[in-house]
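Here is the structure we will look at.
Naming: A, B, ... by sequence-line order, numbering from 1 per chain.
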Amino acid sequence: MNYKLSVNGTDHTVESTWEGESLLYVLRERLGLPGAKGACEQGECGSCSVLLDGDLVCSCLVLAAAAEGRDVRTVEAVAGPEGLSDVQQAFLDAGAVQCGFCTPGLIVAVHDLLERHPQPDDLTMREELAGNLCRCTGYGRIMEAVRMAADRRAASA
Amino acid sequence: MSTVTGRRDRRGVGTGAARPDGIPKVTGEFAYSSDLWEAGMLWGATLRSPHPSARIISIDTTAAVAMPGVRAVLTADDVPGRPTYGLEVPDQPVFASDVVRYVGEPIAAVAADHYDIARRAAAAIVVTYDVLDPLLDPEASLTAEPLHPDGNVFRHMVIRHGDPDAVGDPAAGDIVVEGTYEVGMQDQAPLGTESGLAKPTADGGVELRIGTQWLHVDRDQIAASLDLDPDLVQVELAGVGGAFGAREDVSLQIHLCLLAKRTGRPVKMIYGREESFLGHVHRHPARMWFRHTAKADGTLVKVEAKLLFDGGAYCSSSPAVLANATCFAGGPYKIPNAVVEGSAVRTNNPPCGAMRGFGSVQVCFGHEGQMDKLAAALGMDPVELRLKNALAPGDRLITGQRLDGAAPVAALIEAVAASPLPGEVDGPMGLPGGPGRTTQAGDVRRGVALAVGFKNLMFSEGYDDSAAAKIRLFDGVATVSTACAEVGQGFVTLVHQIVHEVLGDDIEVVLNTASTTDVGSAGSTSASRQTWMSGGAVKLAADDIKAQVDLDPDRAEYLADVVHQHTPTTPLDENGQGEPHVSFTFACHRAVVDVDPELGVLRLVDLVTSQEVGKILNPVQLLGQLEGGAAQGAGLALMEEIVLEGGHIKNPSFTDYLIPTSFDLPELRVAAIIEEPEPHLGAPFGAKGVGEAPTISSGAAVIAAIRAATGLELPRVPVRPSDIALSPDRTP
Ligand code: FES
Ligand code: FES
């Protein structure tokens, strides 16, 4: 059965014989959008984070067919035509990227965090991002990137 | 809050140069081994043993073969070459055929049109077993019937140093303390699970793109089992989602290449998280006994230790892990007399091998626990006791080897000890239990403690360790080839910095994808060795190019092709004496932990570190290694354990195997980074690997702080809430 998905503002028709496929699988394997990563496929690691109608979700826990008629935004849409987003730039400047497997999920999650908490304190950002596991960095540079992005936004506001 | 950016006005060493793979990693375009795709590609899946020990009576693949969409089903009969593989000893079957020796041992592999069909087909293979009683106790393994033709003991070794019969003099006030310590099985848990894509090549060979730590040794093991000339096996590095030792052994490499050869089509495989837990080796669980003897003034007289490491079903790198544990069992102290005995044995538990810190992590819990016990028995400050015994340049290790490089152990301890202590936590979120708000501020007890550790850099005991690199300079572009596996550590950045430092900021540096086809082996990305070995090789190649340019500046093209070897080492003799190591790395941590003893919950409030690094090549990446390594050490102390029951992993998921989240960790503070350029030849600009030392003493410091807060002995790592809350020794 075919269904339609709106991803990053583009409509896609998904031709699938099986509706049990997760949104993560369909994004990665059928729509050629491998930015979201799978590291647990049970909602624990946040590597697969995307926005669904503006809400941060684990795409591994969403059935792709159930996302029909909703607005899916992935890491691929974060950078604008003028280049990297402020959060992406801060990740690079702070040294928050090592293997980078957690990075796409974190980029989506930090954008979402800063929408809701423009100036998060340390415990707030640590708690808010606790659903995005990183095994390489110990989170120090990631927290630094969040502070950097928040400060730059505040300074340019 | 530490902001470290490093200068970026130059591009050479010492700057905070940005990662060359940074932009694709933040945009999601970077291609990990799990992101690969080929037209006509099949999906692979693996059937694994559900039993820790069983005889295989029969394997019936009929139903799987008959499923629509299934293109190949392979078992041991389909392995044309060597039926086994292994890093040190090829003792592990590619597919089990007669017996299975651990839960998760591969029995068959399937290729099919869809991921789910492949998995269903693997599940449709019918294996009949004669289930046997598993051997799960490493102690019992020493005397049990062998589980394998190679026997049950991977290695047994003894270090006898100084006077092995030395005893303390109680009349003079000498003190003896004994302790038994246990460390659980830790998983590397890299975020990217095992994955790769193999495809047949026109010349009858196979090409594999894979996340690995050691391309050439993967190639050699694939070639042996496929009965191919190694030149017909091309292994290329795909994007790697972390490694930490989990990718040093073969997992799906041989299976994928067999499937691609059989089907004539590209085949991709990705392990799910559960299969990843089954599919790679883990950190050895350890049981350790220590007896320390010291004079009344705290001077160490003798260290005795017995170490038992459970290597699980197959050898992997158990002998080398055990050697490290044994050599570093006493810690970074002056130890005039020592007897250390170590065994690594085979059981029906999951195989164990390399993980960051490699043997030194386990013994650090023991030697640091002992130093704290000794301090308590002597009525001495634990910091003072450590300073009194701290190793210094020129001292001998218990192997008899003299320290000829940096060993600023006392300075590392002093820096951490002098770092200011944090105040009370701010608000209920910062209490143990965090957002659960289960803890009353008045119930909290705080503990502060310090630990120090060390290990070797690079391979040891006479291993012929080398790394190759090539540079072609043409038209202002330096193209670098090395087979060093970038697993996230930032080696790719260092290549750019090293070449710029030697050849100038104006040239353009291009780093080829690491592969076995255009350059010789880089050796493994492990043992903190690539900065020195492959970084050193790149530096030598760049120096060579520079010399050529200086001699003849008008040529269009310059080529350099080098193989870098470190100072040779020697095997250990029958008393464990020799010159087994090239160089060493030292770090110290102090932890502050708040504990709610009623509930057993705790919070790591502060962690401060110091480390000796040779020379800083990139301050941002250095900090990333210090932070990431400390997180893995703290994780082991606080929460990380593969729980085994009857040989089964009970928690093979991120729901049940916990790794630290951002909320579990404080910001690591750095009290000192000591630069003493490495004197050995070949260390680029005096730099050495920095990635493992942070994982060694961080966990031991956390455990010691929990002990200090609770007054409990807590001999087992990780500490579980019940170890505190339900301890009969707890004083209300
Ligand atoms: S893959 Fe979705 S949360 Fe881990
Ligand atoms: S950078 Fe490797 S998991 Fe976060």
Notebook entry, point to check: How about B:H114 and A:Y25: are their ring centroids closer than 6.0 Å?
Noted result: yes
Item checked: Greatest number of heavy atom pairs closer than 4.5 Å to chain B - which of A:C136, A:P104, A:G43 -> A:C136
Item checked: Contact class of B:D116 relative to chain A, heavy atoms under 4.5 angstrom -> side chain
Check: Which region of A:F101, side chain (C-beta onward) or backbone (N, CA, C, O), has a non-hydrogen atom less than 4.5 Å from a non-hydrogen atom of chain B, or is it both or neither?
Finding: both
Checklist line | Under 4.5 Å from any heavy atom of chain B - which part of A:L84 | finding: side chain
Check: Is chain B contacted by the side chain of A:I107, its backbone, both, or neither, given a heavy-atom distance below 4.5 Å?
Finding: side chain
Margin query: So does B:I659 get a backbone contact from the side chain of B:E640, meaning a donor-acceptor N/O pair under 3.5 Å?
Written below: no
Check: Hey, are B:S697 and B:H589 close enough side-chain-wise for a donor-acceptor pair under 3.5 Å?
Finding: yes
Check: For A:Q89, is it the side chain, the backbone, both, or neither that has a heavy atom closer than 4.5 Å to a heavy atom of chain B?
Finding: neither
Item checked: Exercise: do B:Q497 and B:N618 side chains pair donor with acceptor under 3.5 Å -> yes
Next item on the list: With a 4.5 Å cut-off on heavy-atom pairs, point out which of A:G35, A:G20, A:A39 contacts chain B the most.
Entry: A:A39
Next item on the list: Please lay out, stage by stage, how B:D594 and B:R603 fare under the test salt bridge (charged side-chain N to carboxylate O under 4.0 Å, His left out).
Entry: CA-CA 5 Å; B:D594 280 352; B:R603 179 156 186 86; over 6 Å; no
Notebook entry, point to check: Under 3.5 Å, side chain of B:R247 to main-chain N/O of B:G241, donor-acceptor pair present?
Noted result: yes
Check: For the side chain of A:S47 and the backbone of A:G105, is there at least one donor-acceptor N/O pair under 3.5 Å apart?
Finding: no
Check: Which atoms of A:E44 come close to chain B, meaning under 4.5 Å heavy atom to heavy atom: side chain ones, backbone ones, both, or neither?
Finding: side chain
Check: Taking A:Q98, A:K37, A:Q88 one by one, which has the highest count of heavy-atom pairs under 4.5 Å against chain B?
Finding: A:Q98
Next item on the list: Pick one of side chain, backbone, both or neither for A:E41, based on which atoms fall under 4.5 Å of a heavy atom in chain B.
Entry: neither
Notebook entry, point to check: A:S59 side chain to A:C48 main-chain N or O, any donor-acceptor pair under 3.5 Å?
Noted result: yes
Next item on the list: Count the heavy-atom pairs under 4.5 Å between each of A:L123, A:V75, A:T124 and chain B, then report the option with the highest count.
Entry: A:L123
Check: At a heavy-atom separation under 4.5 Å, does B:F244 approach chain A through its side chain, its backbone, both, or neither?
Finding: side chain
Check: Distance-only, no hydrogens or angles: does the B:R19 side chain make a donor-acceptor pair with backbone N or O of B:V492 under 3.5 Å?
Finding: no
Item checked: Top contributor to chain B interface from A:G32, A:P34, A:C134 [non-hydrogen pairs under 4.5 Å] -> A:P34
